[in-house]
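Accompanying notes for the structure given below.
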Amino acid sequence: MENLPGIVITGASGRMGQMLVQTVMASDKASLVGAIERAGHPWVGMDIGEAMGGQAVGVVVTDQPLDAFAKAQAVIDFTAPAATLQFAKLAAQARAVHVIGTTGMTDEDIAKLEPCGRHAVIVRAGNMSLGVNLLTQLTKKVAAALDDDFDIEVIESHHNQKVDAPSGTALMLGEAAAEGRGVDLADVADRGRDGITGARKKGDIGFVAIRGGDIVGEHDVMFAAPGERIVLRHLASDRAVFARGALKAALWGQDKKPGEYDMLDVLGL
Ligand SMILES: NC(=O)C1=CN([C@@H]2O[C@H](COP(=O)(O)OP(=O)(O)OC[C@H]3O[C@@H](n4cnc5c(N)ncnc54)[C@H](O)[C@@H]3O)[C@@H](O)[C@H]2O)C=CC1
Ligand SMILES: O=C(O)C1=N[C@H](C(=O)O)C[C@H](O)C1
């Protein structure tokens, strides 16, 4: 047990945090050595197993990330952009692999990770599932094969507590489609239609965000032309797919050189 890579979960009380705690606890390839929550959170000071409604597991939730990171080989972080930027500095200081699932980061936020990636391995992806990462490759291929008679729309659906739009996954799929077409997504993205928008601009990649109920995460990439449509679809019905991907990334990163990686690197796609 002692030789297994030690993992810290940030945002341990969150939807993904709890799923990650369960996934790491159930793994025979890693051990849970820390659980982080924000200062003032009611779980701070409690055993994470008990806080989640089960047996004590000997890991107390803390709001002191550096102390926890220093004892770990990897940090798995599905929180919020500002928290992730803080954690990136601390993980770099501790030389721990930092797996980032947090979405909603701006280009400026992402640029701030660069100095951290000089000291530690960072694996970041808007979606850690095998299915979505494979779908990005299919999207790129289909976009490359079709001309701009095919309008590309990315449609995503999520639960009613999600705070960012378009989803990180939708942006990954949009990037893949743009890459396949040989264009820059920033030049063609159409992210918010409302009112008299005018006709659709040829070559644009549109984004549509649906929010409701407890939808885990659903993504369609639609290629629509006169007389026919192709729809590539991924449906996630269990957050375990993201947690398994994140743990895989944490283990994969153990023998890698410092730098910024994504799930395509981890999965070899
Ligand atoms: N890349 C992927 O595969 C996936 C990414 N996500 C992303 O993960 C993030 C979290 O999603 P959920 O778990 O649904 O959200 P959530 O709101 O349920 O959990 C976020 C947790 O982070 C904690 N947190 C916020 N600031 C903190 C700080 N400074 N220190 C410590 N803890 C802090 C909150 O207290 C909360 O417990 C979102 O950005 C979401 O889009 C979600 C699922 C899959
Ligand atoms: O917030 C979520 O829940 C999810 N976020 C990720 C995203 O923004 O794409 C991944 C997944 O779809 C669930």
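Computed from a predicted structure; not experimentally measured. Ligands are counted one by one from 1 in listed order, and the atoms in each one are counted from 1 as well.
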Does T10 reach ligand 1, in the sense of a heavy atom lying below 4.0 Å from it?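 In this structure, T10 fails to qualify as a contact of ligand 1 - no heavy atom is under 4.0 Å.
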Sub-4.0 Å heavy-atom approach of G126 to ligand 1: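 The answer is yes: ligand 1 sits under 4.0 Å from a heavy atom of G126.
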As a check for students: among [options], identify the option with a heavy atom nearest to [atom].
{"atom": "atom 1 (O) of ligand 2", "options": "K162, M16, H234", "value": "K162"}
{"atom": "atom 27 (C) of ligand 1", "options": "A83, G168, G17", "value": "A83"}
{"atom": "atom 6 (C) of ligand 2", "options": "G126, A170, A209, A125", "value": "G126"}

Heavy-atom contacts under 4.0 Å between [X] and ligand 1: side chain, backbone, both, or neither?
{"X": "F87", "result": "side chain"}
{"X": "Q161", "result": "neither"}
{"X": "A125", "result": "backbone"}

Report the part of [X] (side chain from C-beta onward, or backbone N, CA, C, O) that has a heavy atom under 4.0 Å from ligand 2; answer both or neither where that applies.
{"X": "E156", "result": "neither"}
{"X": "T169", "result": "both"}
{"X": "R15", "result": "neither"}

Go through the structure and list residues passing side-chain contact (heavy atoms from CB on, under 4.5 Å) with Q86, not counting sequence neighbours.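 With neighbours one apart ignored, the set is empty.
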Qualifying residues under side-chain contact (heavy atoms from CB on, under 4.5 Å), relative to A70, sequence neighbours excluded: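 Expected list: none.
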Could you find the nearest protein heavy atom to [atom] and give me its residue, atom name and distance?
{"atom": "atom 12 (O) of ligand 2", "answer": "H158 NE2, 2.6 Å"}
{"atom": "atom 3 (O) of ligand 2", "answer": "H159 NE2, 2.8 Å"}
{"atom": "atom 16 (P) of ligand 1", "answer": "R15 NH2, 3.6 Å"}

With the threshold set strictly below 4.0 angstrom, can you tell me whether any protein non-hydrogen atom sits that near atom 11 (O) of ligand 1?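 Under 4.0 Å from atom 11 (O) of ligand 1, zero protein heavy atoms found.
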Ligand 1 to [X] polar contact by distance, N or O atoms, under 3.5 Å:
{"X": "E37", "result": "yes"}
{"X": "Q86", "result": "no"}
{"X": "G101", "result": "yes"}

Consider every N or O of R239 and every N or O of ligand 2, then say whether any pair is closer than 3.5 Å.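 No; the residue has no nitrogen or oxygen that sits under 3.5 Å from a nitrogen or oxygen of the ligand.
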Do ligand 2 and G168 have nitrogen or oxygen atoms that lie under 3.5 Å from each other?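 Looking only at distances, the answer is yes, because the N/O contact criterion of under 3.5 Å is met.
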Those atoms of ligand 2 less than 4.0 Å from some heavy atom in H219: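 With H219 as reference, the close atoms of ligand 2 come out as 12 (O).
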Pi-cation contact, W252 with K248 (under 6.0 Å, within 45°):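 Not satisfied by the 6.0 Å and 45° rule.
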Taking all non-hydrogen atoms of both residues, which atom of A111 and which atom of P115 are closest, and how far apart?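 Looking at all heavy atoms of both residues, the closest pair is O-CD, 3.9 Å.
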For T136 and N133, test the side chains for any donor-to-acceptor distance below 3.5 angstrom and give the result as yes or no.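 No donor-acceptor contact under 3.5 Å links the two side chains.
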Would you check if there is a donor-acceptor pair between the side chains of H98 and D77 at a distance under 3.5 Å?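 The answer is yes; a qualifying pair exists.
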Quick test of your reading of the model: are E156 and R211 salt-bridged, counting only N-O distances below 4.0 Å?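 Salt bridge present between E156 and R211.
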